[in-house]
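Some notes on the structure that comes next.
A note on names: the letters A, B, ... follow the listed sequences, proteins ahead of strands, and every chain is numbered from 1.
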Amino acid sequence: MMDNKRSWQGGGSKGPPAKRPSGSGGMDDDLVAQSFEADADVADEDIDLHIEEEMEIDLGEAGRNWERPAAPAINPQKDPLVFQQLEVDYFVGAPNRSVHRTDLLEVPIIRMYGVTAAGNSVCAFVHGFEPYFHVEAPSDFGPDDCDSLCDHLNRRLKERNLKARQSKFCVAVVMEQKQTIMHYQAAKSKAFLRIVLATPNLVAQARGMMETGIKIDSLNRTMGFVTYESNVLFVLRFMIDCQVVGGNWVEFPVNCYKSLAPHDGNKMTHCQIEVHVNYKSLISHPAEGEWAKVAPFRILSVDIECAGRKGCFPDAEKDPVIQIASTITNQGEPAPVVKNVMTLNTCASIVGAEVMSFQTEHELLKRWRDLVVETDPDIIIGYNIQNFDLPYLIKRAETLQVADFPFWGRIKKSKLRMRDAQFSSKAYGTHDYKEITIDGRIQFDLMVAIQRDHKLSSYSLNAVSAHFLNEQKEDVHHSIITDLQNGNAETRRRLAVYCLKDAVLPQRLVDKLMYMYNYLEMARVTGVPMSYLLTRGQSIKVFSQILRKAREKNLLVPNIKVQGGGGDGVGYEGATVLDAKQGYYREPVATLDFASLYPSIMMAHNLCYSTLLPASRLREVPPEDVLRSPSGDTFVRAHHAKGILPEILEELLGARKRAKADLKAATDPFLKAVLDGRQLALKVSANSVYGFTGATIGKMPCLEISSSTTAYGREMIMHTRELVQKTYCRANGYEADCEVIYGDTDSVMVNFKVADVARAMELGKEAADLVSKTFVKPIKLEFEKVYYPYLLISKKRYAGLLWTSPEKHDKMDTKGIETVRRDNCLLVKNVVTTSLEKMLIERDLAGAIEFVKNTISDLLMNRMDLSLLVITKGLTQEAENYATNAAHVELAKKMRKRDAATAPNVGDRVPYVIIKAAKGAKAYEKAEDPIYALEHNLPIDCQHYLDHHLSQPLLRIFDPIMKNAKELLSGAHTRSITVSTPSLASGGIMKFAKVRLSCLGCKATLPPGETSLCKHCQTKEAEIYQKMLTNVNELEASFSALWTQCQRCQGSLHLDVLCTSRDCPIFYRRKKVQKDLGEANAVIARFADW
DNA sequence: GCCACCTCCTAA
DNA sequence: TAAGTTAGGAGGTGGC
Ligand SMILES: Nc1ccn([C@H]2C[C@H](O)[C@@H](COP(=O)(O)OP(=O)(O)OP(=O)(O)O)O2)c(=O)n1
């Protein structure tokens, strides 16, 4: 290893002062106090980093500060062990008989990984917890029959597991008094059998036997059973039974656990503290009060660079990994404690970072493995690490046969495991991913988190950083990376700076978006481990809560089969959307909205699995204790038996209420957005409780609950409309007969026909209270806001100025229209936004019309940036599986033929532009990759953009406001299709010079021999030449300005710009100007020839 | 040119 | 338990 000498001076000249966005005030300090500027030439780093450097040099040893704070000696006889657990797994092994008495040869052993308040890592081996499930006991089943069933199961299981080294498979069958969660049950409890197995894998086997039918010898008959909770993952089972929720604090009391000394040869993990404990000794602290705190866990952020062969995207079987950047940050601290980059081949030093250089990838990989083990992170973050960085490292090490590389989990000698997986859900879409197991360390891929939490049209790190951090990051094309690697220590240093930046950015996103805090809260509220929140869907969260609540109430959750034979059977009716009285409303329109409608319906009417009363059993309950929902299903009322779904909802809405309170207290706009995201996530979790009951391909569908919920909702919106319209009318002394002009699911838009906002608010509040009184608690109709003016286009599409106070409007709010959609191009988005702003805010219709006409003219004259014309659409399934031809799909297939490694995959968004093609060509034949179109000078089909993307949206917003909106699209501005000259664009510079020689002054075709001006224009030669020169000068100036802007972005003013970001408008503009400049220079050259 | 159907994305 | 729900507008394709 060649450890670099560190130098104080940076790599070169000093760049411009780092540009930070202004305006967010103290926000940055609070949330992103750490702010490493990975600008190549920023030499004025924080002073403490210099000191750190100095100390390192004194010691001459990198990696010196990698370790966690030293762990105190653990004395189980004197001290309890308290830590925040973050991850739980289990393995099957020989029992530890000092904490678990058993005759079994192999048992499951739970491992809880976590961090103490002092920041020491812990792995606790929790022993003695046994897998089990239940079945209902037959009525004539007695305690004596338990052994008989147990023996029978044991024999059957033994036959199926002949190779297993095990003394007993079914450990016990125990009679217990429990009740099912399904349907209202008058009896408090009845007999169930708990079937306890030796290991978790036997649960599914035994379940199968019980379901398909098993002979109960002592009763002398064969019976099939419905099983209960036989489908609960072992880890979740353990957490539920021990009341451990994701990320909470646990405690092992004095004398209840055994500790291994740090250097004990029997230690099985790399954690600082390793203990063994019986699960019965575990104390779990609910995450409230002092236990709401967060331990200083360690976060490793990682990014790698690879050198692809010429023109190819890197392939781990062929191309080397050349750099790995890592930062280590302790949660709660403002700056990383380690910033390290490991490079293949030499690399000049970087101020504020450790640089380690290696001669071989082999050494590089192994040293990085050591870094992980030595820094011992609890959480590994990065951008797209799950699909790129981590798999690449693992595959690369395999290719190079670095056999001891894949061992950076916390369990010694335990190899990383990786397999292909797919996640598919309607809300989150379908994604392929690599499931990687790194024992004891959570992976938190920021890309996955941001894709789930934010709807963006591009999820490149570049686009995401720009969006959330107000900071561009260059997109260095993979071929350039190879060039930099093949240069010298300085070019590799430049690469290392990018690499470091890509490791720093995810950490900054985590900080700024408060990901650790928000995800911990979600894990604690829903009870699942934090890692589930990114790898699993909503179902597991709801299921976890149901299981917990059920356990509290001694209820069991049945494992029911998919009903309706295949799943895609009949659905159920959802919400009512009131017909939209479309138009442009020049008076205030009040919006009334039920708070958390479906959850509140379920709470108010006690809708639950455990309160559902089948029609056949109606007479078991006094009629006054039964409620019939509008869909005809019956439920017992709360005073008779309280359901558990309502209780779960109470907790979720409680958490949401707290989040909303925080939101209300916040002033910083960015912080507000983050807190809004937090309360939104909790709202979706609450709504998913309803969704869970309606998920026919799911764990526990119960359409009686979901369809009752929507049926109540439908009744409520109709009732609300009636009551409001009946009350607020002239006949009752109000100014006018009000009108509900629209409403969707839980809202009504009321036109009170009053002139001022304040009066509309007054009436809105009054109406909301009036309506609320007619409903059962906690159902509440709220006055939310006023729209004034209000443009109602159709169902689910409207725009308006939003007022929450009568003094001034808050903002323009648009729903469903192009401004908030990701499947149209920026041009349309911008034109529609600006037009609406002019119409609604400035009330300047003429200005809006003028603007639209100019835009259309610009479009047709080919004056649009390509970046404005890029459309993106998601690839929602495998490209082959589409039934029809679609532009983005065909392009994805085409791109895969060009270069499979960089082509879009399922779940990705595909950006494309529409290019000119033969008349009558289908849109899917005209779609092209924007970068490809740019590089090959393919002409844009401007007319197509006007006809298919711009005109309809514009007509829709202008039609209600003006007469003859169609004329917008047919004026003189639409005839200026002059200079667009696709032949020029498609031919490129060379063709221009050769083929189409026309007079540079008047465009007349030149006679052979002439190269620049026709006879007539030659008289004005000087003037024309001057014009050409001016043109060139202007282009040069704008090119230079754009270039500088890109240099700023990449953080150095003296280096070449390497960025080719598909997401950056500056990039497209720079390319366009570059092309124009080339053409203009070619023109000048013709003068020279002449 | 009409229309059924697929696809995407959004509102709730 | 692998996977929250339905309603609805709009564009495009392809059969007729
Ligand atoms: N992701 C969503 C959003 C909404 N809904 C259903 C359930 C909601 O109760 C109802 C109304 O949706 P809103 O968006 O108005 O949200 P809420 O009424 O739940 O919350 P808020 O208090 O913000 O109005 O639509 C849903 O099932 N899933």
- Looking at every strand, decide which applies to A:V577 at a 4.0 Å heavy-atom threshold: base, sugar-phosphate, or nothing. sugar-phosphate
- Message: For C:dA2 and A:S424 - does any side-chain N or O of the residue sit under 4.0 Å from the phosphate oxygens OP1/OP2?
- Response: no
- Hits for salt bridge (charged side-chain N to carboxylate O under 4.0 Å, His left out) against A:E650, two or more places apart or cross-chain, chain-then-number order -> A:K642
- Could you tell me whether A:Q952 contacts a base, only the sugar-phosphate backbone, or nothing, with contacts defined as non-hydrogen atoms closer than 4.0 Å? sugar-phosphate
- Item | Nearest to side-chain heavy atoms of A:Y924, which nucleotide of C:dG12, C:dT13, C:dT6 | C:dT13
- Where DNA chain B forms stems, i.e. three or more consecutive Watson-Crick or G-U pairs with both distances under 3.5 Å: B:1-12 with C:5-16
- Query: When rounded to the nearest 0.5 angstrom, what distance separates CG in A:L869 from CD1 in A:I914?
  - Reply: 10.0 Å
- Query: Between A:E435 and A:R419, is there a salt bridge with N-O shorter than 4.0 Å?
  - Reply: yes
- Hey, could you give me each pair passing salt bridge (Lys or Arg N to Asp or Glu O under 4.0 Å) that has a residue in residues 876-891 of chain A? Not counting sequence neighbours. A:E880-A:R896, A:E890-A:K893
- Whole-Å distance separating the CG atom of A:L607 from the C1' atom of C:dT5: 15 Å
- Describe the nucleic acid contact of A:S706 in one word from base, sugar-phosphate, nothing, applying a heavy-atom distance below 4.0 Å. nothing
- In whole angstroms, how far is the P atom of C:dG4 from the NZ atom of A:K699? 7 Å
- In 5'-to-3' order, the base (B), backbone-only (S) or no-contact (-) status of each nucleotide in nucleotides 7-12 of chain B, using a 4.0 angstrom heavy-atom cut-off, is SBBSBS
- Which part of the nucleic acid, if any, lies within contact of A:K541, taking any heavy atom under 4.0 Å across all strands shown: a base, the sugar-phosphate backbone alone, or nothing? nothing
- Hits for side chain to side chain contact (heavy atoms under 4.5 Å, CB included) against A:A923, two or more places apart or cross-chain, chain-then-number order -> A:H944
- Message: The criterion is ring-ring contact (aromatic ring centres under 6.0 Å, His included); which residues satisfy it with A:F133, sequence neighbours excluded?
- Response: none
- Message: Looking at C:dG11, I'd like to know if its phosphate oxygens (OP1 or OP2) sit under 4.0 Å from a side-chain N or O belonging to A:R956.
- Response: yes
- Atom CD of A:E878 and atom P of B:dC6 are separated, to the nearest Å, by 20 Å
- Answer with base, sugar-phosphate or nothing: what part of the nucleic acid does A:G574 contact at a heavy-atom distance below 4.0 Å? sugar-phosphate
- Note on the structure: A:E890 atom CD is separated from B:dC6 atom C1', nearest whole Å, by 14 Å
- According to the interplanar angle, ranging from 0 to 90°, do the rings of A:Y585 and A:Y790 count as parallel (below 30°), tilted (30 to 60°) or perpendicular (above 60°)? tilted
- Item | Residue from A:K815, A:K795, A:K796, A:R721 passing salt bridge (charged side-chain N to carboxylate O under 4.0 Å, His left out) with A:D744 | A:K796
- How close or far is atom C1' of C:dT6 from atom CG of A:L703, stated in whole angstroms? 12 Å
- Message: Can you measure A:K426 atom NZ to C:dA2 atom P for me and round it to whole angstrom units?
- Response: 21 Å
- Query: Contact class for A:F423 (heavy atom, under 4.0 Å): base, sugar-phosphate, or nothing?
  - Reply: sugar-phosphate
- Task: Report the distance from atom OH of A:Y428 to atom C1' of C:dA2, rounded to the nearest whole Å.
- Result: 14 Å
- Rounded distance in Å between the P positions of B:dA12 and C:dG4: 23 Å
- Message: Using OP1 and OP2 only, check whether a side-chain N or O of A:R536 sits under 4.0 Å from C:dA3.
- Response: yes
- Task: Provide, to the nearest angstrom, the distance between the CD atom belonging to A:Q538 and the P atom belonging to C:dT5.
- Result: 10 Å
- Using the test ring-ring contact (aromatic ring centres under 6.0 Å, His included), find all partners of A:Y945 that sit at least two apart in sequence or belong to another chain. A:H949
- Query: A:F238: what forms a ring-ring contact (aromatic ring centres under 6.0 Å, His included) with it, not counting sequence neighbours?
  - Reply: A:F129
- Note on the structure: Residue pair A:P953/A:E573 against DNA chain C: nearer the 5' end by closest nucleotide is A:E573
- What pairs of residues pass the ring-ring contact (aromatic ring centres under 6.0 Å, His included) test when at least one of them lies in residues 677-699 of chain A, not counting sequence neighbours? A:Y598-A:Y690
- Of the nucleotides C:dG9, C:dG12, C:dA3, which one has an atom closest to the side chain of A:K795? C:dG9
